[in-house]
Amino acid sequence: MAEFESIDNVTKSNILQQLKSASPLVHCMTNDVVQTFTANVLLALGCSPAMVIEPEEAEQFAAIASGLLINVGTLTAPRQHAMRLAVQSANAANKPWVLDPVAVGALSFRTQFCQELLTLKPAAIRGNASEIMALAGESLGGRGVDSLNTTSDALPAAQLLARKTATIVAISGEVDYITDGARTIAVIGGHPLMTRVVGTGCALSAVVGAFCTLTGDRLQHVATACALMKQAGETATRRCHGTGSFIPEFLDAIYQLN
């Protein structure tokens with residue numbers, strides 16, 4: 001890992017305290033499967049979540065919120081319209097927004113939409129290795145939401161994508177890589193059990209959205225989001241007895257971060 005930057009505990013603690021003090025209002029236009037879990041993760045961190053999806057309301061609310069998440073997991077044509085309006089509104093109000101390109105690559109509808117969204121300057125992009133490679137035009141994507149590539153495989157594509165779009169790209173996996181195209185932070189940790197319950201990746205994207213609202217080094221802020229979620233996953237795995245008890249233990253671990 002010597003060629004990569006890391007994020008130390010003092011920096012993580014300071015950034016987490018900054019988040020808790022700010023208590024950002026995060027507008028989550030996310031998939032139907034994970035809305036409750038995503039909201040609970042944000043609440044456990046001290047943020048305020050809102051799931052506003054009606055086009056007229058989404059456009060208005062994106063300008064009010066501190067930040068916006070666009071997750072295309074259950075994308076439909078009406079939702080696409082609402083998301084486009086919300087992104088344009090967030091940009092006009094100078095509010096950061098994050099793209100989670102769920103299952104991009106094999107399916108043309110969502111792939112074309114996410115390619116369109118790239119031109120609207122997201123503050124950050126968070127996905128698994130196959131999604132990031134597909135978004136960069138280097139693969140056909142994974143098996144649905146499952147990655148068929150490692151984060152090391154995807155790192156060159158992520159760095160290229162970050163430079164091309166002038167944004168932060170975070171690849172999630174056994175090792176998370178967060179890059180702006182020039183600097184790269186590697187974050188280790190977590191546990192495979194995190195991939196056996198629905199929503200941890202999608203919730204991470206919402207947490208990235210919350211941290212993107214902070215002032216300062218955005219690369220470190222996104223890396224902190226990744227590191228804290230991995231840390232909570234490790235804690236929850238030590239305490240739980242399987243996937244059923246993992247989720248409440250994970251939420252407790254997020255709430256107890258300090």
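Between S23 and S48 the shortest side-chain heavy-atom distance falls below 4.5 Å. Using a 4.5 Å heavy-atom cutoff, the side chains of V98 and P122 are not in contact. Contact annotation: the side chain of S152 never approaches that of V175 to less than 4.5 Å [non-hydrogen atoms, C-beta and beyond]. When side chains are defined from C-beta on, D180 does not count as touching R218, because their heavy atoms never get closer than 4.5 Å. Between F250 and N40 the shortest side-chain heavy-atom distance does not fall below 4.5 Å. The side-chain heavy atoms of I185 and F4, taken from C-beta on, include no pair separated by under 4.5 Å. Residues Q159 and Y177 have side chains not in contact (no heavy-atom distance under 4.5 Å, counting atoms from C-beta outward). In this structure the side chain of L68 reaches within 4.5 angstrom of the side chain of M29, judged on heavy atoms.
Panel note: side chain T235, backbone Q231; a donor-acceptor pair is recorded below 3.5 Å. Of the possible polar contacts, one joining the K95 side chain to the A63 backbone as a donor-acceptor pair under 3.5 Å is found. In this structure, Q115 contributes its side chain and L135 its backbone to a donor-acceptor pair below 3.5 Å. Distance alone, capped at 3.5 Å, is enough to place a donor-acceptor pair between the T167 side chain and the A124 backbone. Of the possible polar contacts, none joining the T243 side chain to the V197 backbone as a donor-acceptor pair under 3.5 Å is found. With hydrogens and angles disregarded, a donor-acceptor distance shorter than 3.5 Å links the side chain of T165 to the backbone of L161. Without hydrogens or angle criteria, K230 side chain to G190 main chain gives no donor-acceptor distance under 3.5 Å. A donor-acceptor contact shorter than 3.5 Å links the side chain of H27 to the backbone of V52. A donor-acceptor pair under 3.5 Å is absent between the side-chain atoms of E116 and the main chain of T111, judged by distance alone. Looking only at distances, no side-chain donor or acceptor of E59 sits under 3.5 Å from a matching main-chain atom of A86.
The CZ atom of F61 sits 14.5 Å away from the CD atom of E54 when rounded to the nearest 0.5 Å. With rounding to the nearest 0.5 angstrom, the CZ atom of R84 is 8.0 Å from the NE2 atom of H81. Atom CG of L99 and atom CD of E131 lie 9.5 Å apart (nearest 0.5 Å). Between T200 atom OG1 and H191 atom NE2 the span is 13.0 Å, to the nearest 0.5 Å. For the atom pair S130 OG and E138 CD, the distance stands at 12.0 Å (nearest 0.5 Å). To the nearest 0.5 Å, atoms CG (L16) and CG (N9) are separated by 11.5 Å.
Between V207 and A225, the shortest heavy-atom distance links the atoms CG1-CB, 3.8 Å. Of all heavy-atom pairs spanning N31 and C202, the tightest one is ND2-SG, 3.3 Å. Heavy atoms only, all atoms of each residue included: L75 and M83 are closest at CD1-SD, 3.9 Å. Of all heavy-atom pairs between A22 and L214, the closest is CB-CD2, 4.1 Å. Smallest separation of non-hydrogen atoms from A223 and V187: O-CG2, 4.0 Å. Between P49 and L42, the shortest heavy-atom distance links the atoms CB-CD1, 3.7 Å.
Judged as a side-chain contact (heavy atoms from CB on, under 4.5 Å), and not counting sequence neighbours, the contacts of L120 are V87, N91, W97, L117. Shown here are the side-chain contact (heavy atoms from CB on, under 4.5 Å) partners of A158, two or more places apart in sequence or in another chain: I132, V169, I171, T179.
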Residues Q220, I178; criterion side-chain contact (heavy atoms from CB on, under 4.5 Å); working and verdict: CA-CA 9 Å; Q220 288 195 340; I178 303 92; over 6 Å; no

side-chain contact (heavy atoms from CB on, under 4.5 Å) assessment of F211 paired with L19: CA-CA 7 Å; F211 277 88; L19 181 82; 3.6 Å; yes

Stepwise side-chain contact (heavy atoms from CB on, under 4.5 Å) check, C47 with L25: CA-CA 6 Å; C47 305; L25 173 59; over 6 Å; no

Trace of the side chain to side chain donor-acceptor pair (under 3.5 Å) decision for T11 with N14: CA-CA 5 Å; T11 300; N14 289 340; 5.8 Å; no

Stepwise salt bridge (charged side-chain N to carboxylate O under 4.0 Å, His left out) check, R126 with D176: CA-CA 10 Å; R126 203 293 311 172; D176 289 1; over 6 Å; no

D100/S205 under side chain to side chain donor-acceptor pair (under 3.5 Å): CA gap, chis, key distance, verdict: CA-CA 6 Å; D100 187 337; S205 294; 2.7 Å; yes

R79/D32 under side-chain contact (heavy atoms from CB on, under 4.5 Å): CA gap, chis, key distance, verdict: CA-CA 11 Å; R79 186 164 291 188; D32 295 334; 3.0 Å; yes

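Contacts classified as side chain to side chain donor-acceptor pair (under 3.5 Å) and involving residues 247-258 (residues at least two apart or in different chains) are given here: R239-Q256.
A 6.0 Å sphere centred on CZ of R196 holds no more than 12 heavy atoms belonging to other residues, nucleotides or ligands. Counting non-hydrogen atoms of other residues, nucleotides and ligands closer than 6.0 Å to CD of E174 gives a total of 12 or fewer. Atom NZ of K20 is surrounded by more than 12 heavy atoms from other residues, nucleotides or ligands within 6.0 Å. Residue-environment remark: CG (N94) stays at or below the threshold of 12 foreign heavy atoms within 6.0 Å.
Using modelled atom types, one finds a donor on one side chain and an acceptor on the other under 3.5 Å when comparing S21 with Q17. For the residue pair Q60 / S89, no side-chain donor-acceptor distance below 3.5 Å is found, with atom types taken as modelled.
Transitive grouping of hydrophobic side chains (ILVMFWY, heavy atoms separated by less than 4.5 Å) brings L155 and I125 into a common cluster. One hydrophobic cluster, built from ILVMFWY side chains closer than 4.5 Å, cannot hold both V34 and L45; they sit in different ones. Under a hydrophobic-cluster definition in which Ile, Leu, Val, Met, Phe, Trp and Tyr are linked whenever side-chain heavy atoms come within less than 4.5 Å, directly or via other members, L204 and L251 are assigned to the same cluster. No chain of hydrophobic side-chain contacts below 4.5 Å, direct or via other Ile, Leu, Val, Met, Phe, Trp or Tyr residues, connects L160 to V222. Both F109 and I53 are assigned to one and the same hydrophobic cluster, defined by single-linkage of ILVMFWY side chains at heavy-atom distances under 4.5 Å.
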